[in-house]
**Student:** 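Mind having a look at this structure? Questions to follow.
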Amino acid sequence: MVNPFVLTIHLAATLTALGLGAWQLASVKGTAPHRLRGRAWAALMVVVAVSSFWLSSPNKIPNFHGFSPTHGLSAFTLFSLAMGIHAIRRGRQRAHRFWMIGPYIGLIGAGTAAVLVPGRFLYLLLFG
């Protein structure tokens, strides 16, 4: 059974991070608004990743004690965010870009899988 409170937080953070991330990628880099949006986006991504550990995968999806490949993506997202923050604090813009775009692409991929993979909660919600 999916915890509705955790799912609501997870989905709200996910949808907000999708929109804010798109805005961030389209905006001018290095400005004060970019840094503020970046901090907000990173915080949202931490909420998305951490909350996913309380959302178990249905039995139809290969998992190990309730943890699926999606949870591995969440762990890697936390690592990527830390690396991106570390890179920009060292003035390494190219590395920062690499480490921050990766989690955004992962967010899109995980969201697509959550909607399109039969047996997932969002798939069942949208397609019965």
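Keep in mind that what you see is a predicted model, and the values were worked out from it rather than measured.
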**Student:** For the side chain of R35 and the backbone of G30, is there at least one donor-acceptor N/O pair under 3.5 Å apart?
**Tutor:**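 Between the backbone of G30 and the side chain of R35 there is a qualifying donor-acceptor contact (under 3.5 Å).
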**Student:** Does I105 share a hydrophobic cluster with M83, counting links as ILVMFWY side-chain heavy atoms below 4.5 Å and allowing steps through other members?
**Tutor:**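 Hydrophobic grouping puts I105 apart from M83.
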**Student:** For residues R37 and S27, report the shortest heavy-atom separation together with the two atoms involved.
**Tutor:**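 For R37 and S27, the tightest heavy-atom pair comes out as NH2-OG, 2.8 Å.
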**Student:** Shortest non-hydrogen contact from V47 to A13?
**Tutor:**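 In this case the closest contact between V47 and A13 is CG1-CB, 3.7 Å.
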**Student:** Do the non-hydrogen side-chain atoms of N3 and L7 ever get within less than 4.5 Å of each other?
**Tutor:**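 Sidechains of L7 and N3: no contact.
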**Student:** side-chain contact (heavy atoms from CB on, under 4.5 Å), that's the test. Do L78 and V50 meet it? Break it down for me.
**Tutor:** CA-CA 8 Å; L78 294 171; V50 171; 4.3 Å; yes
**Student:** Run the side-chain contact (heavy atoms from CB on, under 4.5 Å) check on H34 and V28 step by step: do they pass?
**Tutor:** CA-CA 7 Å; H34 174 81; V28 176; over 6 Å; no
**Student:** I'd like to check M45 versus Y104 (side-chain heavy atoms, cut-off strictly below 4.5 Å). Are they in contact?
**Tutor:**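 No, side chains not in contact.
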**Student:** What pair of heavy atoms forms the shortest contact from S51 to H10, and how long is it?
**Tutor:**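 Answer, listing the atom of S51 first, then H10: OG-ND1, 2.7 Å.
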**Student:** What is the minimum heavy-atom distance between F53 and S74, and which atoms define it?
**Tutor:**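 So the two residues come closest at CZ-CB, 3.8 Å.
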**Student:** L25, L44: one ILVMFWY side-chain cluster at the under-4.5 Å cut-off?
**Tutor:**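 Same cluster: L25 reaches L44 through Ile, Leu, Val, Met, Phe, Trp or Tyr contacts under 4.5 Å.
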**Student:** Heavy atoms, side chains only, cut-off 4.5 Å: are F127 and V115 in contact?
**Tutor:**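 When only atoms from C-beta onward are counted, V115 and F127 do touch, with a gap below 4.5 Å.
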**Student:** Go through it in stages, so that I can follow the logic: the residues are L20 and W23, the test is side-chain contact (heavy atoms from CB on, under 4.5 Å), and I'd like the CA-CA distance, side-chain angles, deciding distance and then a yes or no.
**Tutor:** CA-CA 5 Å; L20 188 57; W23 184 14; 3.8 Å; yes
**Student:** Keeping the roles fixed (side chain from K29, backbone from Q93), state whether a donor-acceptor pair exists under 3.5 Å.
**Tutor:**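 Between the backbone of Q93 and the side chain of K29 there is no qualifying donor-acceptor contact (under 3.5 Å).
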**Student:** Taking the side chain as every heavy atom from C-beta outward, state whether T77 and V48 have any atom pair closer than 4.5 Å.
**Tutor:**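 No; the side chains remain at least 4.5 Å from each other.
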**Student:** I'd like to know if I108 and L55 are part of one continuous hydrophobic network [Ile/Leu/Val/Met/Phe/Trp/Tyr, side-chain heavy atoms within less than 4.5 Å].
**Tutor:**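 The answer is yes; both residues are in one hydrophobic cluster.
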**Student:** Can any side-chain N or O of S52 pair as donor or acceptor with the backbone N or O of A49 at less than 3.5 Å?
**Tutor:**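 Present.
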**Student:** For R39, what residues pass the side-chain hydrogen bond (donor to acceptor under 3.5 Å, both in side chains) criterion, not counting sequence neighbours?
**Tutor:**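 R39: no side-chain hydrogen bond (donor to acceptor under 3.5 Å, both in side chains) contacts found.
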**Student:** Do you know the tightest heavy-atom contact between A110 and L73?
**Tutor:**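 Looking at all heavy atoms of both residues, the closest pair is CB-CD2, 3.7 Å.
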**Student:** Apart from I88 itself, which Ile, Leu, Val, Met, Phe, Trp or Tyr residues share its cluster (side-chain heavy atoms under 4.5 Å, direct or through members)?
**Tutor:**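 I88 clusters with nothing; isolated.
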**Student:** Taking H96 for its side chain and A87 for its backbone only, find out whether a donor-acceptor pair lies under 3.5 Å.
**Tutor:**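 Between the backbone of A87 and the side chain of H96 there is no qualifying donor-acceptor contact (under 3.5 Å).
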**Student:** Hey, could you give me the CH2/CZ distance between W99 and R94, rounded to the nearest 0.5 Å?
**Tutor:**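 One finds 15.0 Å between CH2 of W99 and CZ of R94.
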**Student:** Evaluate side-chain contact (heavy atoms from CB on, under 4.5 Å) for V117 paired with Y123, printing each intermediate quantity in order.
**Tutor:** CA-CA 6 Å; V117 173; Y123 178 90; 6.0 Å; no
**Student:** Taking all non-hydrogen atoms of both residues, which atom of A114 and which atom of L122 are closest, and how far apart?
**Tutor:**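 Scanning both residues completely, I find the closest heavy atoms to be O-CB, 3.4 Å.
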**Student:** If we only count heavy atoms from C-beta on, is the P103 to W41 side-chain gap below 4.5 Å?
**Tutor:**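 Touching, per the 4.5 Å side-chain cut-off.
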